[in-house]
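A short write-up of the structure that comes next.
Order of the sequence lines fixes the chain letters, A, B, ..., with proteins taken first and strands second; residue numbering starts at 1 for each chain. In what follows, every heavy atom counts, from backbone to side chain, and hydrogens, waters and symmetry copies are set aside. Keep in mind that this is a model prediction, so the values were computed, not measured.
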Number of protein chains: 2
Amino acid sequence: MSLRYALLGLLAEEPASGYDLTKKFERVLQRYAWHAQHSQIYPELSRMAADGLITVAEEGARGRRTYAITDAGRDDLRRWMVNPPDAIVVRNEFVLRLFLLATLDPAEARRLLEWTADINAKQLEELRASVAAFDAAADPAAGLPMQRLVAEFGLRSFQVLSEWTEWAIERIDPPQE
Amino acid sequence: MSLRYALLGLLAEEPASGYDLTKKFERVLQRYAWHAQHSQIYPELSRMAADGLITVAEEGARGRRTYAITDAGRDDLRRWMVNPPDAIVVRNEFVLRLFLLATLDPAEARRLLEWTADINAKQLEELRASVAAFDAAADPAAGLPMQRLVAEFGLRSFQVLSEWTEWAIERIDPPQE
DNA sequence: AATAACATGTAACGCGTTACATGATTAC
DNA sequence: GTAATCATGTAACGCGTTACATGTTATT
């Protein structure tokens, strides 16, 4: 059911088409929170419309259908948001590899960590740039919007992974080649 | 296919039964890396045995079957470990709620963050205790084993979430009740 | 004797991925 | 005119969850 609430949450910010939502998943949610492809999104939007959680707000060119959240949808979303489950369940193939690092020999483990550090550094740089652009444009008198709070969480998470990989590489057996 | 490699990885450390593996998932992997229940684990073990990646090493009381990884299994696992995908895909319902925090009013968002901080603090304490016990028993002359490296990643991740929730709560609109 | 923990199995259903399929509009 | 992007849809298959189902061994 998480897909449904991810979609509802995005539609709570602004109306969007299945195509728009697919792009948002790719650009943002996939790396941190949730993933879905268009083949899953389109049928789910139809079901959500049938359930009265969203409505077609506009029909555009190329069969584009822009959906908007309804009051019933907002209610449903709110209920889900304030009733989190008590167990945290995560699926992260990348972290799974970290857990199984001990099954590699030190040289290979080192290489995997270096790869990790690499792609992480790239993602951190991207996020840093977009946050900097946002901060430059923002009104310093106003409070931080929620989106900025979450971006901060992203920054700090990348930062930790970056520091940890450096720390771990230093501690792996063959200290240098 | 990640389930298969999670199981192979655990069996690479030591032989285990489906029951043992189910417990390991619950205790360790679920929170950070991967999740599976016994109903998924038992059939997968049968398939892995049929594919020659593991073998029944021992049959015990109550129909217990202890599996051990084979050389073919180690090869397969190694191949998977050193060939990570280039996109990071994460499913984390908890982080999804953080992304959708903006859909709640400030008071509710604050409550959700406080709940987050709470369960996070508990998990951090548990991990801290088990790491402290491990460090006390470890030989200071030997290098840190991989498992200790990963535990460090867990500690730092919890630490970041803890600091961030505190930071975010301070920045949410109604500064106090 | 009862309860908890150990131990495995499977059927039904729902969620998620891959692949196939089609067509319109925009930019070069 | 042709390639890229926009835009949607669905079938087949594989992965994951829930629920049902059964029996053994250890502890109190």
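Atom CD in A:Glu58 sits about 12 Å away from atom P in D:dT8, given to the nearest Å. The CZ-P distance, from B:Arg65 to C:dC6, rounds to 18 Å in whole Å. The distance between atom CD1 of A:Ile41 and atom P of D:dA7, rounded to the nearest whole Å, is 14 Å.
In this structure, B:Val89 and B:Gly63 both approach DNA chain C, and ranking their closest nucleotides by distance from the 5' end singles out B:Gly63.
Crowding of B:Asp139 atom CG: a count of heavy atoms from other residues, nucleotides or ligands under 6.0 Å exceeding 12.
A cation-pi arrangement is absent between A:Arg91 and A:Trp34 under the rule of less than 6.0 angstrom and at most 45 degrees off the ring axis.
Minimum interatomic distance between A:Ile169 and A:Arg110 (heavy atoms only, all atoms of both residues): O-NH1, 3.6 Å. Annotation for B:Gly52 and B:Ala72: closest pair O-CB, 3.8 Å, computed over non-hydrogen atoms. Residues B:Arg31 and B:Gln123 come closest through the heavy atom pair NE-NE2, 2.9 Å. B:Gly73 and B:Leu8 get closest at one heavy-atom pair: O-CD1, 3.7 Å. Across all non-hydrogen atoms, the minimal contact from B:Ile54 to B:Leu45 is CD1-O, 3.5 Å. The shortest heavy-atom contact between B:Tyr5 and A:Leu100 is O-CD1, 3.5 Å.
In this structure, a donor-acceptor pair under 3.5 Å is absent between the side chains of A:Gln37 and A:Glu26. Counting only N and O atoms by type, the side chains of A:Arg128 and A:Gln159 include a donor and acceptor under 3.5 Å apart.
Two end axes, each from the C1' atoms of five base pairs, can be drawn for the helix from C:dA1-D:dT28 to C:dC28-D:dG1; they diverge by 30°, to 10 degrees.
Of all the residues in residues 21-30 of chain A, not one reaches under 4.0 Å from DNA chain D with any non-hydrogen atom. For DNA chain C, the residues of residues 10-20 of chain B within the heavy-atom distance limit of 4.0 Å (strictly under) are B:Ser17, B:Gly18, B:Tyr19, sorted by number.
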List, with names and distances, any nitrogen or oxygen atoms from the protein found under 3.5 Å away from nitrogen or oxygen atoms belonging to nucleotides 21-27 of chain D.
none

Distances under 3.5 Å between nitrogen or oxygen atoms of protein and nucleotides 11-16 of chain C:
{"residue": "C:dG16", "atom": "OP2", "partner": "A:Gln40", "partner atom": "NE2", "Å": "2.6"}
{"residue": "C:dG16", "atom": "O5'", "partner": "A:Gln40", "partner atom": "NE2", "Å": "3.2"}
{"residue": "C:dG16", "atom": "O3'", "partner": "B:Arg91", "partner atom": "NH2", "Å": "2.7"}

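In this structure, A:Asp76 pairs ionically with A:Arg79, as a charged nitrogen and a carboxylate oxygen lie closer than 4.0 Å.
Side-chain contact check for A:Leu112 versus B:Val82: every heavy-atom pair is 4.5 Å or farther apart.
Using the six-membered ring where Trp is involved, A:Trp115 and A:Phe94 have ring planes that are tilted, between 30° and 60° apart.
Of the inter-residue distances, the one linking A:Ser130 atom OG with A:Glu125 atom CD reads 10.5 Å to the nearest 0.5 angstrom.
Here B:Arg64 does not reach the OP1 or OP2 of C:dG9: none of its side-chain N or O atoms lies under 4.0 Å away. Residue A:Tyr42 has no polar side-chain atom (N or O) positioned under 4.0 Å from OP1 or OP2 of D:dG9.
When the side chain to side chain contact (heavy atoms under 4.5 Å, CB included) test is applied to B:Asp118, the partners found at least two apart in sequence or on another chain are B:Lys122.
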